[in-house]
Amino acid sequence: MTTESKPEKRPEMAKQLPSERRSNFEEVALGYNRHEAVAEAKRCLDCKKPPCIKGCPVGVDIPRFIRQIAEEDFDSAALTLKSTNSLPAICGRVCPQETQCEAVCVLGKSGKGDPIAIGGLERFVADYEMESGVAAPDLPAPTGRRVAVVGAGPAGLTAAAELAKMGHAVTVFESLHAAGGVLVYGIPEFRLPKSIVAAEVDFIRRLGVDMLLNSVIGKISTVDELLFRYDAVFLGTGAGLPSFLGIDGENLNGVYSANEFLTRVNLMKAYLFPEFDTPVKKGRRTIVVGGGNVAMDAARCALRLGAGEVTIVYRRGEDELPARVEEVLNAKEEGIIFRLLTNPIRILGDENNWVTGMECINMELCEPDESGRCRPVPVPETEHTIPADVVIIAIGTSPNPLVSMTTPDLETARYGTIMADETGATSKPGVFAGGDIVTGSATVISAMGAGKVAAKAIDEYIGGAVRL
Amino acid sequence: MPFTIREKQELVPTIHQMDVAAPLVAEKAMPGQFVILRIDECGERIPLTIADFDAADKTVTLIFQEIGKTTRQLASLDAGDSIADLAGPLGRASAIERFGTVVCVGGGVGIAPIFPIARGLMEAGNRVISIIGARSADILFWEERMEEASSKLYVTTDDGTKGHHGFVTDIVQNVIESGERIDRVIAIGPPVMMRAVAGVTKPFGVKTVVSLNPIMVDGTGMCGACRVLVGGVTKFACVDGPEFDAHEVDFTLLMSRLAMYLPEEKEALDYEAAAEPTI
Ligand SMILES: Cc1cc2nc3c(=O)[nH]c(=O)nc-3n(C[C@H](O)[C@H](O)[C@H](O)COP(=O)(O)OP(=O)(O)OC[C@H]3O[C@@H](n4cnc5c(N)ncnc54)[C@H](O)[C@@H]3O)c2cc1C
Ligand SMILES: Cc1cc2nc3c(=O)[nH]c(=O)nc-3n(C[C@H](O)[C@H](O)[C@H](O)COP(=O)(O)OP(=O)(O)OC[C@H]3O[C@@H](n4cnc5c(N)ncnc54)[C@H](O)[C@@H]3O)c2cc1C
Ligand code: SF4
Ligand code: FES
């Protein structure tokens with residue numbers, strides 16, 4: 001289509017229409033078809049020194065898998081992807097390619113056209129593979145070494161997959177009843193179908209990884225106890241502790257942390273209540289406080305639950321919104337209202353402890369400070385009230401202290417992140433860490449990158465196979 | 001890995017005992033801790049206190065009252081059936097130390113969680129005065145167990161069908177006023193009961209602990225559904241509690257938050273009722 005007549009453009013990915021998708025939980029972006037994918041792949045210059053590989057935190061051989069798509073050899077393309085990235089169907093959907101591999105693509109940089117739609121192509125190949133049946137991976141001989149992985153988010157899953165591919169026996173301990181971390185409890189169905197996560201987790205199971213769900217480390221076993229039974233431990237427990245604003249009215253009925261709201265909707269499938277047992281408040285007017293991906297996800301879920309009016313309240317301006325541009329655009333198309341440069345002062349409630357609205361004040365941005373960020377300051381006498389019956393606080397999360405509290409010799413930094421060097425090694429011998437638990441909230445792919453690096457370091461630490 | 005129900009019995013009408021095979025939880029459990037379970041794929045995650053645990057037998061004992069969709073469904077299961085998910089032991093354990101004389105108060109289904117605490121306190125060398133109460137004699141359970149776990153046991157019923165005719169707080173008041181030195185009171189039961197106990201002990205300055213039961217989802221500090229206000233500070237009951245200083249707890253907030261989903265809870269039951277005849 002467009003690619004043939006104007007080869008500098010990438011094909012636009014089909015999406016559900018905003019007017020339809022705003023009331024269902026089905027996937028918004030529909031993926032490329034075979035024809036679009038091949039045409040897009042043919043635009044790739046197959047660069048000699050491909051910058052895109054460096055732009056990818058796990059170093060996927062991007063030109064190679066794209067060439068294989070262009071040659072319509074999708075099975076080989078899938079193998080290429082899977083050899084470096086255990087979760088391609090997920091990454092193809094949720095990675096911020098526009099700031100990573102696609103940002104450095106020669107085509108885009110040279111001004112000759114759009115950068116290659118690397119994410120879209122990755123998704124195409126992964127979906128193709130899922131539909132045509134995933135080949136059972138070849139595994140090396142067991143080394144006799146045992147590794148415990150704590151947390152089944154992208155960091156833990158990647159570390160587990162990499163270690164299993166090296167022949168180590170891996171057990172994953174996950175506190176929730178499902179594996180995936182934020183991928184299952186945070187990111188909504190309409191951006192990342194849970195069946196996709198389940199299929200990719202299943203692939204990791206088939207690498208021989210043992211997944212123990214419902215297992216809260218710090219409660220059911222301590223890290224020290226794990227070290228008795230395993231040669232090394234990887235901590236990928238994420239940054240799951242929700243922050244609140246600390247303003248009046250936050251404990252009113254109808255006020256949620258984004259984590260609670262999203263967990264009810266995504267993990268517990270409250271959007272299918274009462275077929276599924278977990279309820280969630282379907283507000284008529286919902287306010288979401290925050291401007292990141294989490295806020296966009298919460299707002300778009302609230303809309304799909306049937307809220308007539310969903311407002312994002314964010315204290316900085318449009319340019320400062322930390323969410324992916326694409327998600328902000330999606331949210332706007334669906335009719336989410338953005339009240340930027342607006343800051344909550346307190347949440348208002350009625351005599352029965354139910355939320356009725358939020359008092360806010362307008363903000364303005366002063367000159368950027370040393371860190372380059374513009375600090376918002378309140379504009380006097382601009383207090384106003386926005387009515388609401390549900391308020392969702394999406395201003396960030398910090399690491400859950402369950403593990404560090406029960407592991408006294410594990411060094412932590414301010415805000416509770418675990419200290420780890422560039423290989424993932426912590427202050428405690430045999431214990432490695434990576435992902436949000438080390439960096440604070442970041443991205444799926446950076447967590448995966450950390451899991452991969454740590455797997456290598458763990459392999460070195462435990463010294464390959466057991467010598468008899 | 002589902003969790004098999006080893007034994008199940010209806011102790012008294014609407015209150016059930018269930019022994020569930022959960023080896024690792026049974027090994028680690030301490031008095032005052034709880035589990036979160038989910039019956040099946042469509043289920044809600046609900047917290048239940050570990051009323052007893054047997055590391056040798058690898059089981060935990062749960063006691064629950066049928067009040068809504070999930071607890072009714074749980075009641076319909078039998079020995080040999082299984083529960084999809086069970087995570088624990090969650091929350092901080094009850095403080096078991098040699099305090100001196102401790103009054104343990106259990107109201108209604110709260111008798112179950114008070115039992116392992118009373119037993120632990122006895123074993124730690126305390127004099128344990130227990131007070132258990134129910135609406136009526138026919139829904140009072142575990143009297144013998146509590147007898148064994150206490151130096152002295154009082155029973156109350158609201159309707160006078162057994163023991164003292166009245167509330168557990170009447171006995172708490174009598175015990176304190178009798179002049180015996182009371183070092184600590186721990187009360188578990190419906191929020192109104194816990195608030196009443198706190199009200200009785202406060203003027204006497206007796207340290208009082210209650211176990212709060214707010215709505216929970218994950219039980220690991222990840223969602224904040226379980227927020228409670230203690231001494232003006234917001235706490236997450238699942239990780240900071242569930243036990244808190246009774247004199248600092250905002251019970252009004254607790255009770256209003258517990259009522260947050262009343263319309264949805266009714267809807268869930270209606271949906272269930274509508275579905276039943278076709279099975
Ligand atoms: C709503 C939302 C939307 C997002 N959208 C995007 C996006 O579009 N693109 C993107 O790249 N990033 C996105 N992110 C960020 C990204 O999801 C995270 O950076 C990433 O998931 C971090 O991976 P992780 O493995 O470190 O931790 P997590 O995904 O948080 O996984 C940690 C796991 O450890 C488990 N755990 C915690 N404590 C214990 C314990 N004591 N014992 C056992 N298990 C434990 C948790 O239950 C969880 O399953 C989003 C985040 C959120 C919340
Ligand atoms: C730490 C803790 C320990 C508990 N221990 C016991 C116990 O040992 N025995 C027992 O019978 N009950 C116990 N409860 C209460 C028990 O969890 C609720 O009775 C149960 O969740 C009700 O579910 P339902 O679907 O049957 O009823 P629903 O109709 O859904 O709800 C009835 C009422 O139960 C409360 N409730 C509902 N959902 C939850 C939830 N997810 N978490 C907590 N409360 C909820 C609300 O007040 C609600 O109004 C405990 C609660 C907590 C927080
Ligand atoms: S930089 Fe762009 S054009 Fe070059 S190989 Fe990578 S994807 Fe292809
Ligand atoms: S139940 Fe989620 S934080 Fe306590």
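Bear in mind the structure is a predicted one, so any value in this text is a computation, not a measurement. Per chain, numbering begins at 1; letters A, B, ... match sequence-line order.
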Student: Checking E250(A) against chain B: side chain, backbone, both or neither under 4.5 Å from a heavy atom?
Tutor: backbone

Student: Which region of N251(A), side chain (C-beta onward) or backbone (N, CA, C, O), has a non-hydrogen atom less than 4.5 Å from a non-hydrogen atom of chain B, or is it both or neither?
Tutor: both

Student: Passes side chain to side chain contact (heavy atoms under 4.5 Å, CB included), R45(B) versus L176(A)? Steps please.
Tutor: CA-CA 10 Å; R45(B) 293 171 65 100; L176(A) 292 172; 4.0 Å; yes

Student: Pick one of side chain, backbone, both or neither for V280(A), based on which atoms fall under 4.5 Å of a heavy atom in chain B.
Tutor: backbone

Student: Any residues in residues 213-221 of chain B near chain A, with a heavy-atom distance under 4.5 Å, and which are they?
Tutor: I215(B), V217(B), D218(B), T220(B), G221(B)

Student: Picking from E44(B), M260(B), E265(B), K28(B), which has the most non-hydrogen pairs under 4.5 angstrom with chain A?
Tutor: M260(B)

Student: Considering only heavy atoms from C-beta outward, does the side chain of K281(A) approach that of P263(B) to under 4.5 Å?
Tutor: yes

Student: S221(A), P242(A), P401(A): which one forms the most heavy-atom pairs within less than 4.5 Å of chain B?
Tutor: P242(A)

Student: I'd like to know which of L253(B), D270(B), I36(B), I39(B) tops the heavy-atom pair count under 4.5 Å against chain A.
Tutor: L253(B)

Student: Can you list the steps and then say if T263(A) with M222(B) is a side chain to side chain contact (heavy atoms under 4.5 Å, CB included)?
Tutor: CA-CA 9 Å; T263(A) 299; M222(B) 184 193 105; 3.4 Å; yes

Student: So which heavy atom on N353(A) is nearest to which on S256(B), and how close?
Tutor: ND2-OG, 2.9 Å

Student: Quick one: which of E225(A), M405(A), K269(A) has the most heavy-atom pairs under 4.5 Å with chain B, could you say?
Tutor: E225(A)

Student: Tell me, out of G254(A), P279(A), A258(A), who's got the most heavy-atom pairs with chain B below 4.5 Å.
Tutor: P279(A)

Student: Report which part of L252(A) has an atom under 4.5 Å of a heavy atom belonging to chain B: side chain, backbone, both, or neither.
Tutor: backbone

Student: Where does R257(B) contact chain A at under 4.5 Å (heavy atoms): side chain, backbone, both or neither?
Tutor: both

Student: Counting only non-hydrogen atoms closer than 4.5 Å, does L86(B) touch chain A with its backbone (N, CA, C, O), its side chain (CB onward), both, or neither?
Tutor: backbone

Student: Quick check: closest heavy atoms across K219(A) and P89(B), and the distance to 0.1 Å?
Tutor: CD-O, 3.2 Å

Student: What part of I220(A) is in contact with chain B, defined as an atom under 4.5 angstrom from a non-hydrogen atom: side chain, backbone, both or neither?
Tutor: both

